[in-house]
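All of these numbers come straight from a predicted model, not from anything done at the bench.
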2 protein chains.
Amino acid sequence: MEPDVRIVLYEDNRDLREGMTFLLQATPGLALVGAFADTGNLEMQIPGLKPDVVLMDIDMPGRSGIEATPLVKTLRPETQVLMLTVFEEEDKIFQAIRNGASGYLLKRVPPSEIIAAIFDVHRGGSPLTSSIARRILHFFQQQAPVPSKPVDYSLSVREMEILKSLVKGYPYKLIAGEHGIRIDTVRSHIRHIYEKLQVNSKTEAVLKALNEKIV
Amino acid sequence: MEPDVRIVLYEDNRDLREGMTFLLQATPGLALVGAFADTGNLEMQIPGLKPDVVLMDIDMPGRSGIEATPLVKTLRPETQVLMLTVFEEEDKIFQAIRNGASGYLLKRVPPSEIIAAIFDVHRGGSPLTSSIARRILHFFQQQAPVPSKPVDYSLSVREMEILKSLVKGYPYKLIAGEHGIRIDTVRSHIRHIYEKLQVNSKTEAVLKALNEKIV
DNA sequence: CCTGTATTCACCCATTGGGGTGATAAAAAC
DNA sequence: GTTTTTATCACCCCAATGGGTGAATACAGG
């Protein structure tokens, strides 16, 4: 027999909190071990109550759910944090995710789905409202169009080495020392690099190297 | 009255294709307008059949679902592509998403969920199996630890402008012209920038600006 | 064997960049 | 209303950088 999934709820709205409390207590397999209006005592509550899943509102007086999430993950990494909010703002979504949230539901979803989502995060899934998921996918699609094709400027081995040093911000003299060659040789290589990259200054070369190449 | 959602299915497994066909035809509100075992004639089919939603298997003989997805989006950007597959490999998931897929379901989910997901993508959502969502969130959490806090170096407005020009790779003379000031003034600003950023060369400043600042 | 590229080095020269020092006037802060 | 920051400009000095030109060695491919 599986032990109940231990839940802690942070929700400042009294009606919602009481409604959720009722719902969670009425569900077999779930054990609501705490329900609080703010995250002020989170440092005590999490280690003491040892929740498997934390239901976290975002907008709360004092420390917001976004700020509280990384604390939960630090205090008890195995606890899954499920954001439960009315807001659908890009910023908050991404902040919550970066801070370690494992799911993100809008409050308007039916109770049955909230319950399902709780079991879901506890099993290792990440329930996302599909409109939230869409935003995340969009973000991915926007991010990744560039880094696909590292254009071939056919730099020689040596030239690549020198370019890497340039990107590190080294001056010619240092580069020369680093590779045990004369500074004029470095300059020679760099001229060739500039030709191949079609640039005419260190800064441009570094920028180009960073933007479209594997440096 | 809403018109039916037009569906095209690509699935090489005959049993699955026929099963899906049956399911889709039996569902009110959906109109299956094509079901194919491969994507060979996709260039004809998509413009001709004008689907609202394409259900796309990943592993198919010839052109895979991953390769076919960007074609669909090119031929008909308003068509939503829903990946439907047994595979849960990172690479394929991310490739499919980057290629424009709007949802990603594992085939083992119950038929009712597949139907729900079709309506969902058509409404603009992105249904994701929660285990897939978890992988995507993990990716986010790993990627983005740094860019959260743009440290405040309290650069003045002018200094920010100059810094932006530096990042563009402009030499001092050009920057001076660009802002209608003497080159010595540019140099003066740049010295202040170096102090504030704790660097001592153009390249370092540009690198620092790119790495941790909003330039 | 000849040719092209890679790698190395050298010298000249002009421009650019970076440090020091300081000054002035306007704007913002206290 | 005095002080501090911001923005502006100036001059000196020297190191760093970029372009031109040339050249030797070595190695790979025809």
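Listed for the B:N99 side chain is a donor-acceptor partner under 3.5 Å among the backbone atoms of B:I66. With A:E113 contributing its side chain and A:P110 its backbone, the two residues share no donor-acceptor pair below 3.5 Å.
Counting only heavy atoms from C-beta on, B:I181 has its side chain closest to D:dC9 among C:dC11, D:dA7, D:dC9. Distance from the side chain of A:P171 is smallest for D:dT17 among the nucleotides D:dT21, D:dT17, C:dC9. Picking from D:dG19, C:dG18, C:dG19 the nucleotide with the shortest atom distance to the side chain of B:Y172 gives C:dG18. Side-chain atoms of B:R158 lie closest to D:dA7 of the nucleotides C:dG19, D:dA7, C:dA10.
For C:dA6, the OP1/OP2 oxygens have a side-chain nitrogen or oxygen of A:K196 closer than 4.0 Å. Contact annotation: A:T185 side-chain N/O to C:dC9 OP1/OP2 distance is under 4.0 Å. Phosphate contact (OP1/OP2 of D:dA15, side-chain N/O of A:K173, threshold under 4.0 Å): absent. Applying the 4.0 Å criterion to OP1 and OP2 of D:dT6, one finds that B:H189 has every side-chain N and O outside that range. Between A:R187 and the phosphate of D:dG19, there is no side-chain N or O to OP1/OP2 separation shorter than 4.0 Å.
Side-chain N/O atoms of B:R191 and base N/O atoms of C:dG17 include no donor-acceptor pair closer than 3.5 Å.
At whole-Å resolution of the value, CG in B:L166 and C1' in C:dG17 are 11 Å apart. Per the geometry, NZ belonging to B:K202 stands 8 Å off C1' belonging to C:dT16, to the nearest Å. What separates CD1 of A:I190 from P of C:dT8 is a distance of 13 Å, to the nearest Å.
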- From CA spacing to verdict: salt bridge (Lys or Arg N to Asp or Glu O under 4.0 Å), A:R17, A:D57: CA-CA 10 Å; A:R17 189 173 65 253; A:D57 186 28; over 6 Å; no
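Contact annotation for A:S188: base contact, defined as any heavy-atom pair under 4.0 Å involving a base atom. If you check every strand for non-hydrogen atoms under 4.0 Å, A:H192 touches a base.
Note that the NZ atom of B:K50 and the OG1 atom of B:T79 stand 9.5 Å from one another [nearest 0.5 Å].
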